[in-house]
Number of protein chains: 2
Amino acid sequence: MRHKEGNKREDIIKAAIKIFAENGYHHAKIAKVAEVANVATGSVYVYFENKEKVLLEIFDEIWKDMYNNLKELVDKKEVSPFEKFDALVDIIFDKFTESPEIALVMVNEQNHLLTHKKEKFTEYYEKFIELGVSLIQEGIDKGVFNSGIDLNIYKHYLLGAFRDLVNTWATDRETFSLNSIRQSIKYFSKYGLCKNCM
Amino acid sequence: MRHKEGNKREDIIKAAIKIFAENGYHHAKIAKVAEVANVATGSVYVYFENKEKVLLEIFDEIWKDMYNNLKELVDKKEVSPFEKFDALVDIIFDKFTESPEIALVMVNEQNHLLTHKKEKFTEYYEKFIELGVSLIQEGIDKGVFNSGIDLNIYKHYLLGAFRDLVNTWATDRETFSLNSIRQSIKYFSKYGLCKNCM
DNA sequence: TATTTTAATGATTTGTTATTCAAAATTAAA
DNA sequence: TTTAATTTTGAATAACAAATCATTAAAATA
């Protein structure tokens, strides 16, 4: 019995990330993805039901990985809420340092997919958010984070801020250093605009 | 010479906002836009060169209007940086209160258009951002805003946060009250997560 | 009223690209 | 070496939708 050669499925995912990032999902051609992956056009449909499923698979992998990292962090008893918050920021940035292309695909396509979903979006996304929220709640409970925060709103605030900054960096890596953005997010989020306000 | 009847150009813009918001730009059909606008498909091409130009025109109108409002605000001498910041938030929210559809189109399509631009994106966008930055710089200069802020990064942070929150609200107006989001943005931005930190 | 000019139309054309599928190639087992 | 099972292929197809343009209709002008 014949075995599948190499790892075509993985090659296709990698190629798709590259092509989706370059042209945006809607302008990306499956034929081009196949070409970059070094497989025939038809092979893409051996491994994936359709174009959208390729995109969903990309998101599933990203969020699954980030969720697992965050889970490990949240469970640590000895780490303070402040350190955990910084580590949360790092988890996201570390993921995108691996591949700016992933960042671009995410920023550009995730929202669309979430709001116009036909297929189910990865469960790990929701799970990641919930863990992030619990991390901040822990800080509030311990009296070190501001209790006037509506977490349900804050999570969108922070996610959105992330999205734009990550996109800014991924689009123009000459101008923006990843590290300065990382530090800035940590700073803004903790201290806000106001000087000596509280 | 024949006069143009009614205001077809405006009807098309309005219909396009509705249809783009419902389906997303890429899935929206010009034929459907024309139908909603009560004109023939071909008429869209009498008023606009192509589909993308319709979208660009929508953004031009939105940002032009918001820019003018912000310009008026920034010039006021007697208003404090804090009040100005709140008013800036209100300018954006007021625009979107007018039409959640506009908010959706903006959140979903602007980024794409900015990063993959063939056509020139509206100048008013950049001008709006610059005014916003100068507003915050004024607060720093007067010693009431935190001077550790990298404005070039902060502007993306805030814009991104806005985008997500506005989208959240526009998508699910049952769960999120516009006013609570408005207040939350003002709060988070000024005070941040940290309690008694500065 | 006749003529000219321009607006408006929508069926048709054109171009694009996701997806299919019959055939070819490859490998494992007999 | 042959056979069978499975993978891979890529040209062909089907579906879709943007954009066109020959035609019609209405207003302005003479």
Side-chain angles (χ1 to χ4, degrees), chain A residues 1-60 105 108-109 112-113 116-121, chain B residues 1-59 105 108-109 112-113 116-120:
Chain A
M1 190 175 62
R2 187 186 178 189
H3 278 302
K4 291 189 182 183
E5 305 158 10
N7 203 332
K8 292 206 168 34
R9 195 188 146 87
E10 207 170 279
D11 292 347
I12 291 165
I13 290 279
K14 274 187 189 150
I17 287 173
K18 186 171 170 357
I19 300 303
F20 290 173
E22 270 172 17
N23 311 106
Y25 172 76
H26 285 284
H27 291 116
K29 289 160 209 153
I30 287 290
K32 184 72 187 170
V33 170
E35 185 198 317
V36 171
N38 263 311
V39 300
T41 309
S43 297
V44 175
Y45 291 88
V46 172
Y47 294 91
F48 301 92
E49 202 179 314
N50 53 40
K51 188 181 174 185
E52 193 170 275
K53 283 276 170 66
V54 180
L55 185 56
L56 283 164
E57 178 64 26
I58 291 171
F59 282 117
D60 196 61
V105 173
N108 291 320
E109 315 305 342
H112 227 275
L113 219 52
H116 300 93
K117 58 187 157 198
K118 291 166 213 159
E119 309 286 342
K120 195 182 162 307
F121 194 74
Chain B
M1 189 176 66
R2 187 182 180 195
H3 275 301
K4 293 182 184 181
E5 300 159 11
N7 202 332
K8 292 205 168 37
R9 195 188 146 87
E10 209 169 278
D11 292 346
I12 292 166
I13 289 280
K14 275 185 187 149
I17 288 173
K18 184 169 169 0
I19 300 303
F20 290 173
E22 268 171 20
N23 311 106
Y25 172 76
H26 286 285
H27 292 117
K29 291 161 208 149
I30 285 292
K32 185 71 186 171
V33 170
E35 186 197 316
V36 171
N38 263 311
V39 300
T41 309
S43 298
V44 175
Y45 292 88
V46 171
Y47 292 92
F48 301 93
E49 203 178 315
N50 54 39
K51 189 181 174 185
E52 192 170 277
K53 282 276 170 68
V54 179
L55 184 59
L56 284 164
E57 178 64 27
I58 291 171
F59 282 118
V105 173
N108 291 320
E109 316 304 341
H112 229 275
L113 218 54
H116 300 93
K117 58 188 158 197
K118 290 167 214 158
E119 308 288 342
K120 196 183 160 307

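Letters A, B, ... mirror the listed sequences (proteins, then strands); counts begin at 1.
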Enquirer: Return the value, rounded to whole Å, for the distance between atom CD1 of A:I19 and atom C1' of C:dT17.
Expert: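 Answer to the nearest Å: 15 Å.
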Enquirer: What is the minimum heavy-atom distance between A:S43 and A:I12, and which atoms define it?
Expert: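 Taking every non-hydrogen atom into account, O-CD1, 4.2 Å.
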Enquirer: Return no unless some side-chain N or O of B:Y45 is found under 4.0 Å from OP1 or OP2 of D:dA19.
Expert: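 So the side-chain polar atoms of B:Y45 do come within 4.0 Å of the phosphate oxygens OP1 or OP2 of D:dA19, strictly under.
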Enquirer: Whether A:K51 contacts C:dT19 is assessed here as follows: a side-chain N or O lying under 4.0 Å from the phosphate OP1 or OP2. Is that the case?
Expert: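 No.
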Enquirer: Could you measure the distance from the CG atom of B:N23 to the CG atom of B:N108? Nearest 0.5 Å is fine.
Expert: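 One finds 11.0 Å between CG of B:N23 and CG of B:N108.
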Enquirer: Indicate whether OP1 or OP2 belonging to C:dT16 is found under 4.0 Å from a side-chain N or O atom of A:K29.
Expert: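 The answer is no; no side-chain N or O of A:K29 sits under 4.0 Å from OP1 or OP2.
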Enquirer: How close or far is atom P of D:dA17 from atom CD of B:E52, stated in whole angstroms?
Expert: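 So the two atoms are 18 Å apart, to the nearest Å.
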Enquirer: Write down the distance between CZ (B:F48) and P (D:dT20), rounded to a whole number of angstrom.
Expert: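 Value for this atom pair: 15 Å.
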Enquirer: In whole Å, I'd like the distance from the NE2 atom of B:H27 to the P atom of C:dA18.
Expert: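 The distance from NE2 of B:H27 to P of C:dA18 comes to 11 Å, rounded to the nearest Å.
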Enquirer: Taking CG from B:N50 and P from D:dT20, how many angstroms apart are they, rounded to a whole number?
Expert: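 From B:N50 CG to D:dT20 P: 9 Å.
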Enquirer: Looking at B:K53 and B:E57, is any side-chain nitrogen of the basic one under 4.0 Å from a carboxylate oxygen of the acidic one?
Expert: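 No, no charged N to carboxylate O under 4.0 Å.
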Enquirer: Return no unless some side-chain N or O of A:Y47 is found under 4.0 Å from OP1 or OP2 of D:dT8.
Expert: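 Yes.
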Enquirer: Where each residue is assigned the nucleotide of DNA chain C containing its nearest heavy atom, which of A:A28 and B:V39 is assigned the position nearer the 5′ end?
Expert: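 Its nearest nucleotide lies further toward 5', so the answer is B:V39.
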Enquirer: To the nearest angstrom, how far is B:R9 atom CZ from C:dT6 atom P?
Expert: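 About 19 Å, once rounded to whole Å.
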Enquirer: Between D:dA18 atom C1' and B:L55 atom CG, what is the distance in whole Å?
Expert: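 To the nearest whole Å, that distance equals 15 Å.
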Enquirer: Rounded to whole angstroms, how far apart are CD1 on A:I30 and P on D:dG10?
Expert: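 Value for this atom pair: 16 Å.
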Enquirer: Return no unless some side-chain N or O of B:S43 is found under 4.0 Å from OP1 or OP2 of C:dT9.
Expert: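 Checking C:dT9 against B:S43, a side-chain N or O does come within under 4.0 Å of OP1 or OP2.
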Enquirer: Which heavy atom of B:L55 sits nearest to which heavy atom of B:E109, and what is that distance?
Expert: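 Heavy-atom minimum between the residues: CD2-CB, 4.1 Å.
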Enquirer: Kindly give the heavy-atom pair with the smallest separation between B:A16 and B:I58, and that separation in Å.
Expert: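 Scanning both residues, the minimum pair turns out to be CB-CD1, 4.0 Å.
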